[in-house]
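The analysis underlying the following values was restricted to heavy atoms, covering all of them including side chains, and did not include hydrogens, waters or symmetry mates.
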Amino acid sequence: MKKSIAALFIISLIIVSCQKEPISDPVNKPGINWVGRWNRDSVLLNEVASNGSKTRVESLANDGEFKFNSDSISGVLTQGGNDYAITWFYDKDNDKISISEPDWINQVYTIKQTNSTNMILTGIKLDGSGQKSERILYLRKK
């Protein structure tokens, strides 16, 4: 009996030692494919008080379209029948996007991806007087 238990123990050790260790690859978060046209379904603007309370200042629906070019730096904002040149950059390491458009130059937005075709971008801006504004863009890929 002792010999069979010892034999099973030795066989178990051999089997365990021969098994490959699991490979632990870091999981890379896939980047968002920004290139193309994105409808600006909603654009919301809040004033943020020093205590953190927010007051809605502006609420726009279907407020134009972004076209992000494949060079990852240029694009167009079409709004009210007018085209405006924009620049943009997606920082996939920090999951943020910077968009420069009229009145919102070099604005950095945090990204909430609701699914592959819908994004919510949130950016904070301080004006010269110290007033903090929060801008929220609801984008839908066309």
For a 4.5 angstrom cut-off between non-hydrogen side-chain atoms, does Q107 reach R135? no
Which one of I124, L137, T122 satisfies the side chain to side chain contact (heavy atoms under 4.5 Å, CB included) criterion with Y109? L137
Which pair of non-hydrogen atoms, one from W88 and one from N69, has the smallest distance, and what is that distance? CZ2-O, 3.2 Å
For the pair L121 and I99, evaluate side chain to side chain contact (heavy atoms under 4.5 Å, CB included) and give the outcome as yes or no after the intermediate values. CA-CA 10 Å; L121 309 182; I99 303 173; 4.0 Å; yes
On the 0 to 90° scale, with breaks at 30° and 60°, tag the F68-W34 ring pair as parallel, tilted or perpendicular. perpendicular
I need the minimum non-hydrogen distance between L45 and S133, along with the two atoms involved. CD1-CB, 4.0 Å
Value rounded to 0.5 Å, distance of CG in N62 from CG in N39: 5.5 Å
Measuring from T87:OG1 to I73:CD1, what's the distance to the nearest 0.5 Å? 8.5 Å
Keeping the roles fixed (side chain from K67, backbone from S74), state whether a donor-acceptor pair exists under 3.5 Å. no
A side-chain contact here means heavy atoms from C-beta on lying under 4.5 Å apart; do Y84 and Q79 qualify? yes
Does this structure show an ion pair linking D63 with R40, if we count only N-O contacts that are shorter than 4.0 Å? yes
Answer whether the closest heavy-atom distance between the side chains of D91 and S98 falls below 4.5 Å. no
Side-chain heavy atoms nearer than 4.5 Å, only ILVMFWY residues, links allowed to pass through others: does that put L139 and L60 together? yes
Considering residues, nucleotides and ligands other than N82, do more than 12 of their heavy atoms fall under 6.0 Å from its CG? yes
Specify the closest pair of heavy atoms between K96 and V108, including all atoms of both residues, with the distance to one decimal. CD-CG1, 3.9 Å
With distance as the sole test, does S100 use its side chain to make a donor-acceptor pair with the main-chain N or O of N106 at under 3.5 Å? yes
At their closest point, which heavy atom of I97 faces which heavy atom of I111, and how far apart are they? N-CD1, 3.9 Å
Quick one: does D127's side chain have a donor or acceptor within less than 3.5 Å of a partner on S129's backbone? yes
Look up atom CD1 in I136 and atom CD in E58, then write down how far apart they are to the nearest 0.5 Å. 12.5 Å
Testing T117, N118, D41 one by one against R140 for a side-chain hydrogen bond (donor to acceptor under 3.5 Å, both in side chains), which residue passes? D41
I want to check something: taking the side chain as every heavy atom from C-beta on, are D95 and Y90 in contact at a cut-off of under 4.5 Å? yes
Nearest heavy-atom approach of S59 to R56 is CB-CD, 4.2 Å
N33 backbone acceptor or donor facing K141 side chain under 3.5 Å: yes
